[in-house]
Structures are given as C-alpha cells and as structure tokens.
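Notes follow the structure.
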2 protein chains.
Amino acid sequence: MNFKIHNLNKAFDNRVRLGIMSALMVNDSMDFNTMKDLLDLTDGNLASHITALEKEGYVHVKKEFVGKKPLTSYSATKIGVKAFNEHLDALEKLLKNR
Amino acid sequence: MNFKIHNLNKAFDNRVRLGIMSALMVNDSMDFNTMKDLLDLTDGNLASHITALEKEGYVHVKKEFVGKKPLTSYSATKIGVKAFNEHLDALEKLLKNR
DNA sequence: AAAAGGACTTTGAAATACAAAGTTAAGTAT
DNA sequence: ATACTTAACTTTGTATTTCAAAGTCCTTTT
C-alpha cells in the first residue's frame, strides 16, 4: 500500500496549473492567448498561475515581437518536466488501484 | 486535444481528499485512526476533510462501539465512487499525452 | 483622436487549509 | 474518587490561495 500524499507537488495541486503543465508537455511552446482560450481562463488568472510556475522554475517565459505585435510564449523547463513527471508518478501510485 | 480542466472535481483537488478517496477505493471501509496514520494527518485535519466529503455525499460515516471503545469508520458511497472515477477520467484525459 | 489588442498588475473579497488547543464522552489505572 | 488515556471531534486563529474584475501600459489600427 502506498498512500504518500506528501509526495504530490504543491505546485501542481491546482487545476489551472495542472492544465498549463499538461499543455506544455504536449506542446513545446504555447502563447498567451492560445493557452488562455484552451483553458478558458481570464487574462489575470492565467498570468498569475504562470508567474507561480515561473517562480518555481518550472516554466520559461519568452517575449518577442511577431510582426508588430508582442507575443508571450511559455514552455516547460527541464526541471519543470522532471517535477511534473514526478508528481504524476506519485499520483499514479496513489491511484493505481482503481 | 482535450484540456477541459473544468471537468475536474473541486472536491478532489486537495491532496488529503485525494488520499482519503484512494484509500476508500481500495478498502471497503477504514477507521479514523488507520486513515489518520496512513495519510499522516492530525485529528482535526482528517475530521474536517471527511466532513467536506460527507457534505458532498461522497463518504459515509459509521459510528459504532467495538468492545468498549467508539470506532468511526468511513466508506465511499456509490455516488462518491462515481464522482471519483469521473474525476480520474478527466485527469487521465488531461494527462494522457505524457 | 479614439478604439482595440496583448499582456499583465493590482485590488479585494471569498474560500481553503492547517496546526494547535479545547471539548466530550467513555474507559482504565491508581 | 481522581487522574489519565483514547477516540473523535470542534473551535480558533492565522496564513495562504483563488479568482474575477478593474486598472495599467504600450503599441497599432482605424
């Protein structure tokens, strides 16, 4: 029996941050508005959850100009991918008996 | 692409409640102190998360005397099992691309 | 000049989480 | 009888989290 709930990563216990990380596991990079629409979030909500993940070093933020418009894109960092996979491992172990 | 994070059940976005439900999926029933030790929680913390799940109708609380001591046991209700499985389905869909 | 797009930041209110302490009720030991 | 323990909470108080809404700033399009 494995019930080590404390192996779950606090950074990923929120649905929005789960969604962001999932999106960034599948997509090398995703821009602000695509992510916002995909997860159905308000601007502020997305921005703040990204900031949280960025502070942990899990997400990299890239700002550039495309044509004449600013474009902010996000990608998962190496340690972000690692941390997320570890979180999913812990989750799986917890839930494997379904 | 499926990124419907709003299909995740709010009742299960907390690690303690995830742990409680996981334990109750594997075990038909589990008593207070076993659960408390298993998940490494304080009395009050366990009690309050159980109350939250009970309010949702996901957990059934049974109080009895065994020998001369009171014993509180928990089990997942039918709708608790259903809700939890639906939550896990939503999670799986979200994460299937790992 | 005004409106709109992009990407935030700030604000503020509400909900959540949790440890610690207090409570109740019934044993058990002295 | 008195004190202590076990079981299972409830209460208290603080801290953290969450989120929508509004405000900001910069640039571009109309």
Side-chain angles (χ1 to χ4, degrees), chain A residues 3-24 27 29-56 58-75 87, chain B residues 3-24 27 29-56 58-75 87:
Chain A
F3 286 99
K4 294 185 183 157
I5 60 176
H6 304 289
N7 286 349
L8 297 171
N9 190 329
K10 268 217 141 192
F12 305 130
D13 68 0
N14 170 279
R15 64 185 54 202
V16 174
R17 291 191 300 272
L18 256 187
I20 291 171
M21 289 307 289
S22 300
L24 295 182
N27 303 273
S29 154
M30 188 177 284
D31 67 83
F32 185 87
N33 281 300
T34 303
M35 181 80 80
K36 196 187 96 178
D37 294 343
L38 183 68
L39 301 179
D40 192 25
L41 303 171
T42 57
D43 290 13
N45 205 191
L46 174 53
S48 64
H49 283 294
I50 285 286
T51 299
L53 291 170
E54 203 190 359
K55 264 182 195 153
E56 298 291 327
Y58 294 164
V59 163
H60 174 73
V61 179
K62 176 180 153 200
K63 285 158 187 293
E64 63 185 325
F65 273 82
V66 170
K68 307 213 167 150
K69 289 181 179 175
L71 183 71
T72 301
S73 299
Y74 308 118
S75 55
H87 176 75
Chain B
F3 286 99
K4 294 185 183 157
I5 60 176
H6 304 289
N7 286 350
L8 297 171
N9 190 328
K10 269 216 142 193
F12 305 130
D13 67 0
N14 170 279
R15 63 184 55 204
V16 173
R17 291 192 300 272
L18 258 186
I20 291 172
M21 290 307 291
S22 300
L24 295 182
N27 304 273
S29 154
M30 188 176 284
D31 68 81
F32 186 88
N33 280 301
T34 304
M35 182 80 80
K36 196 187 96 176
D37 294 343
L38 184 68
L39 301 180
D40 191 25
L41 303 171
T42 57
D43 290 11
N45 205 190
L46 174 55
S48 65
H49 283 294
I50 285 284
T51 299
L53 290 169
E54 203 191 359
K55 265 183 194 151
E56 298 290 328
Y58 294 164
V59 163
H60 175 73
V61 178
K62 175 179 153 200
K63 285 159 186 293
E64 63 184 326
F65 273 82
V66 170
K68 309 213 165 152
K69 289 182 179 176
L71 183 70
T72 301
S73 298
Y74 308 118
S75 56
H87 176 75

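Letters A, B, ... are given to chains in the order of the sequence lines, protein chains preceding strands, and every chain is numbered from 1.
- Distance check, rounded to the nearest 0.5 Å: CG of A:N14 to CG of A:L18 gives 7.5 Å.
- Separating the CG atom in B:L38 from the OG atom in B:S22 is a distance of 9.5 Å, to the nearest 0.5 Å.
- Residues A:L8 and A:H87 meet the side-chain proximity criterion, which asks for heavy atoms closer than 4.5 Å.
- If you find the closest nucleotide of DNA chain D to A:S48 and to B:T72, the one lying nearer the 5' end belongs to B:T72.
- In this structure, NZ of A:K10 is placed 13 Å from C1' of D:dT18, rounded to the nearest angstrom.
- As a whole-Å value, the separation of A:I50 CD1 from D:dT18 P is 14 Å.
- Counting only distance, with no hydrogens or angles, the side chain of A:H6 and the backbone of B:L39 share a donor-acceptor pair below 3.5 Å.
- Residue B:M30 contributes atom CE, which lies 16 Å from atom P of D:dA7 at whole-angstrom precision.
- Within a heavy-atom distance below 4.0 Å of DNA chain D, the residues of residues 32-40 of chain B found are B:F32, B:N33.
- Straight-line distance from the CG atom of A:N14 to the C1' atom of D:dC19: 10 Å, rounded to whole Å.
- Place A:N45 and B:N45 on DNA chain D by their nearest nucleotides, and B:N45 ends up nearer the 5' end.
- Here B:D31 pairs with B:T34 under the side-chain hydrogen bond (donor to acceptor under 3.5 Å, both in side chains) rule; sequence neighbours left out.
- Within the structure, the salt bridge (Lys or Arg N to Asp or Glu O under 4.0 Å) test picks out the following pairs touching residues 43-56 of chain B (sequence neighbours left out): B:K36-B:D43.
- For A:R15 and D:dT18, the shortest distance from a side-chain N or O to OP1 or OP2 is not below 4.0 Å.
- Using a 4.5 Å cut-off on side-chain heavy atoms (C-beta onward), B:L41 and B:H49 make no contact.
- Comparing A:V61 and B:V16 along DNA chain C, the residue whose closest nucleotide (by nearest heavy atom) sits nearer the 5' end is A:V61.
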In the 5'-to-3' direction, what one-character label does each nucleotide of nucleotides 25-30 of chain D receive under the scheme B = base within less than 4.0 Å of a protein heavy atom, S = sugar-phosphate only, - = no such atom? ---S--
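- As a whole-Å value, the separation of B:L71 CG from D:dA8 C1' is 10 Å.
- Here chain B contacts DNA chain C (any atom closer than 4.0 Å to a heavy atom, that is under 4.0 Å), and the contacts span C:dA17 to C:dG27 from 5' to 3'.
- D:dA21 atom P lies 16 Å from atom CG of A:L46, rounded to whole Å.
- If you take NZ on A:K63 and OG on A:S73, they are separated by 10.0 Å, rounding to the nearest 0.5 Å.
- Rounded to the nearest 0.5 Å, atoms CG (A:L46) and OG1 (A:T72) are 10.0 Å apart.
- In this structure, the separation between CZ on B:F3 and CG on A:N27 is 6.0 Å, given to the nearest 0.5 Å.
- Side-chain contact check for B:I20 versus B:Y74: every heavy-atom pair is 4.5 Å or farther apart.
- Within the 4.0 Å cut-off from OP1 or OP2 of D:dT17, not a single side-chain nitrogen or oxygen of A:H49 is found.
- The separation between B:K63 atom NZ and D:dA8 atom P is 8 Å, rounded to whole Å.
- The salt bridge (Lys or Arg N to Asp or Glu O under 4.0 Å) analysis of residues 14-23 of chain A, with sequence neighbours excluded, yields the pairs A:D13-A:R17.
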